[in-house]
Undergrad: 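Quick one: the structure is below, and I'll ask about it shortly.
Position 1 is the first residue of the sequence, and the numbers go up from there.
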Amino acid sequence: MTADRASVEGAPVDSVSATAYTIPTDTPEADGTLSWDSTTLILVEARAGGCCGIGWTYGASVVADLVTRKLADIVVGRPALDIGSCFTAMVAAIRNIGRDGIAGQAISAVDVALWDLKARMLRVPLYRLLGAVRDEVAVYGSGGFTSYDDEQLRAQLTRWTRLGIPRVKIKIGESWGTRTERDLARMGMARETVGDATELYVDANGGYGRKQAVRVMRAAAEFDVRWFEEPVSSDDLDGLRAVRDAVDPDVAAGEYGYDLYYFRRMCEARAVDCLQIDATRCGGLTEWLRAAAVAAAYGLEVSGHCAPYLHMHVAAATPNLRHLEWFHDHVRIEQMIFDGARDPVGGALRPDTDAPGHGLELRIPVVEQFRTN
């Protein structure tokens with residue numbers, strides 16, 4: 001063993017820090033059940049052996065406080081390459097706080113930072129470290145907010161198709177499912193804009209009732225919708241299964257999963273055709289890989305929810321991956337604050353084969369103007 005390699009293998013985590021940045025949206029955004037005008041990104045930096053790894057999540061600035069006041073002390077001093085040890089210790093430490101929500105997001109951001117750190121210390125692209133399955137990852141354009149007027153919606157859909165993205169998703173279920181006529185009109189407009197060769201996806205964000213969701217899809221039959229996300233609440237597993245059994249589009253959900261038990265329950269209930277996983281919530285890349293394995297055991301593919309540049313490498317190392325969500329709000333933020341966040345080509349993202357880790361570098365002068373802690 002060379003001295004260089006020995007120093008890397010034995011290097012402890014020197015520090016873990018977290019910073020919150022609140023970034024205004026470019027225009028007001030809304031889906032079926034929520035509206036917002038800004039997004040908060042919590043960035044974690046983990047350092048060891050002269051390297052710095054980055055991870056992030058989207059949530060509230062209090063997530064940064066939990067990282068700095070609780071999780072940092074648990075991780076610092078542990079061998080930087082022993083991510084499993086760090087993950088297990090973090091999960092044990094938040095027992096009385098609760099795994100879901102803020103704590104889950106904090107663990108996720110630290111875990112992602114540690115994986116990026118390990119790859120940088122070993123000087124390899126992250127997807128190679130994780131075990132590459134493919135060199136490119138399919139994406140679908142996502143946005144189509146209910147707050148958009150017709151011109152904004154057409155412009156966004158056109159931009160995605162010009163990028164060569166063959167799948168697009170819009171929001172429906174407007175105002176908790178009380179504006180189904182507008183939902184149907186917007187689906188028709190989307191189909192007219194993108195043409196027949198592009199797959200059309202919709203996301204109700206849990207805004208419909210069970211039978212209402214079925215009625216809407218029957219009324220939308222002419223638009224050839226292929227993906228129906230959260231037609232009802234993702235907590236209503238019986239409802240998801242009922243809708244899945246009654247409609248033609250694939251039913252998807254899972255973005256609010258914070259542990260393996262959630263994903264197992266969703267799979268056991270046969271609630272979805274494709275399981276969504278979000279590494280910024282579920283426990284980072286460590287738990288993403290385990291959740292994807294659970295889905296595979298049920299014969300299901302998985303799809304990455306939002307944060308496309310965070311998911312790109314783990315997606316490239318996941319055998320049963322369908323695609324990633326090219327979510328407008330997160331794409332805009334991640335391209336703004338990171339060097340190396342490139343557009344997809346031919347409907348797919350391609351990890352940098354030469355850059356270590358995520359292949360991203362923080363644009364400090366850009367992001368600092370949005371700092372909130």
Undergrad: With side chains defined as the heavy atoms from C-beta onward, is the minimum distance between Leu71 and Val16 less than 4.5 Å?
TA: no
Undergrad: Does atom CD (Gln369) have a neighbourhood of more than 12 heavy atoms from anything else shown, all under 6.0 Å?
TA: yes
Undergrad: What I'd like to find out is whether the side chain of Phe338 reaches to under 4.5 Å of the side chain of Ile54, using heavy atoms alone.
TA: yes
Undergrad: Are there over 12 heavy-atom neighbours, none belonging to Arg371, within less than 6.0 Å of that residue's CZ?
TA: yes
Undergrad: Do you know the tightest heavy-atom contact between Ala190 and Leu200?
TA: CB-CD1, 3.8 Å
Undergrad: Just wondering, do Leu275 and Ser303 contact through their side chains at under 4.5 Å, heavy atoms?
TA: no
Undergrad: Using the side chain to side chain donor-acceptor pair (under 3.5 Å) rule, pick out the option among Gln335, His358, Glu334 that qualifies with Tyr309.
TA: Gln335
Undergrad: Under a 4.0 Å threshold between the charged nitrogen and the carboxylate oxygen, would Arg120 count as salt-bridged to Asp116?
TA: yes
Undergrad: Give, for atom CZ of Phe228 and atom CG of Leu240, the distance between the pair rounded to the nearest 0.5 Å.
TA: 10.0 Å
Undergrad: Under a 4.0 Å threshold between the charged nitrogen and the carboxylate oxygen, would Arg363 count as salt-bridged to Glu361?
TA: no
Undergrad: Once salt bridge (charged side-chain N to carboxylate O under 4.0 Å, His left out) is applied, do any residues pair with Arg154, and if so which ones, sequence neighbours excluded?
TA: none
Undergrad: With a cutoff of under 4.5 Å between side-chain heavy atoms, which Ile, Leu, Val, Met, Phe, Trp and Tyr residues group with Tyr201?
TA: Tyr140, Trp227
Undergrad: If every non-hydrogen atom of Ser147 is compared with every non-hydrogen atom of Gln152, which pair is closest and at what distance?
TA: O-OE1, 4.1 Å
Undergrad: Tell me which pairs pass salt bridge (charged side-chain N to carboxylate O under 4.0 Å, His left out) where either residue lies in residues 180-190, with sequence neighbours left out.
TA: Glu174-Arg182
Undergrad: Whether Asp203 and Lys169 form a salt bridge (side-chain N of Lys/Arg under 4.0 Å from carboxylate O of Asp/Glu) is what I want to check.
TA: yes
Undergrad: Distance only, no hydrogens: is a donor on one side chain within 3.5 Å (strictly under) of an acceptor on the other, for Thr25 and Asp37?
TA: no
Undergrad: Please determine whether a side-chain nitrogen of the Lys or Arg among Glu268 and Arg265 lies less than 4.0 Å from a carboxylate oxygen of the Asp or Glu.
TA: no
Undergrad: Are Ile42 and Tyr58 close enough that some pair of their side-chain heavy atoms sits under 4.5 Å apart?
TA: no
Undergrad: Using a strict cut-off of less than 4.0 Å between a Lys/Arg side-chain nitrogen and an Asp/Glu carboxylate oxygen, indicate whether Arg218 and Asp248 qualify as a salt bridge.
TA: no
Undergrad: Side chains of Thr40 and Thr22: do they bring a donor and an acceptor to under 3.5 Å?
TA: yes
Undergrad: Does the side chain of Asp26 reach to within under 4.5 Å of the side chain of His328, using non-hydrogen atoms?
TA: yes
Undergrad: Is Asp329 paired with Arg332 through a side-chain N to carboxylate O contact shorter than 4.0 Å?
TA: yes
Undergrad: Salt bridge check: are Arg226 and Asp224 linked by an N-O gap of less than 4.0 Å?
TA: yes
Undergrad: To the nearest 0.5 Å, tell me how far Glu255 CD sits from Arg281 CZ.
TA: 5.5 Å
Undergrad: Would you please test Thr286 and Asp111 for side-chain hydrogen bond (donor to acceptor under 3.5 Å, both in side chains) and show each step?
TA: CA-CA 7 Å; Thr286 297; Asp111 182 82; 2.6 Å; yes
Undergrad: Is there a path of hydrophobic side-chain contacts, each under 4.5 Å between heavy atoms of I/L/V/M/F/W/Y residues, joining Leu41 to Leu310?
TA: yes
Undergrad: Looking at Glu287 and Arg99, is there a salt bridge between them, counting it only when a charged N and a carboxylate O are closer than 4.0 Å?
TA: yes
Undergrad: May I ask you to test the Asp196-Arg191 pair for a side-chain heavy-atom distance under 4.5 Å?
TA: yes
Undergrad: Distance from Arg290 atom CZ to Asp259 atom CG, nearest 0.5 Å?
TA: 10.0 Å
Undergrad: Should Asp135 and Arg350 count as an ion pair when the cut-off is N to O under 4.0 Å?
TA: no
Undergrad: Working note: Trp288 + Ser108, criterion side-chain hydrogen bond (donor to acceptor under 3.5 Å, both in side chains); need CA distance, chi angles, decisive distance, verdict.
TA: CA-CA 10 Å; Trp288 162 288; Ser108 298; over 6 Å; no
Undergrad: Find the distance between OG1 (Thr161) and CD (Gln156) and round it off to the nearest 0.5 Å.
TA: 11.0 Å
Undergrad: Taking atom types as modelled and ignoring hydrogens, do the side chains of Glu325 and Ser142 form a donor-acceptor contact shorter than 3.5 angstrom?
TA: yes
Undergrad: Please assess Glu230 against Tyr208 for the test side-chain hydrogen bond (donor to acceptor under 3.5 Å, both in side chains), listing each intermediate value before the final yes or no.
TA: CA-CA 9 Å; Glu230 289 193 329; Tyr208 292 141; over 6 Å; no
Undergrad: How far does CG of Asp273 sit from CZ of Arg244, to the nearest 0.5 angstrom?
TA: 4.0 Å
Undergrad: Given ring pair (Phe, Tyr, Trp, His ring centres under 6.0 Å), test His313 with Trp115 step by step and report yes or no.
TA: CA-CA 11 Å; His313 284 263; Trp115 276 106; over 10 Å; no
Undergrad: Rounded to the nearest 0.5 Å, what's the gap from CZ on Arg210 to CZ on Arg215? Could you check?
TA: 13.5 Å
Undergrad: Does any non-hydrogen side-chain atom of Val272 lie less than 4.5 Å from one of Leu300?
TA: yes
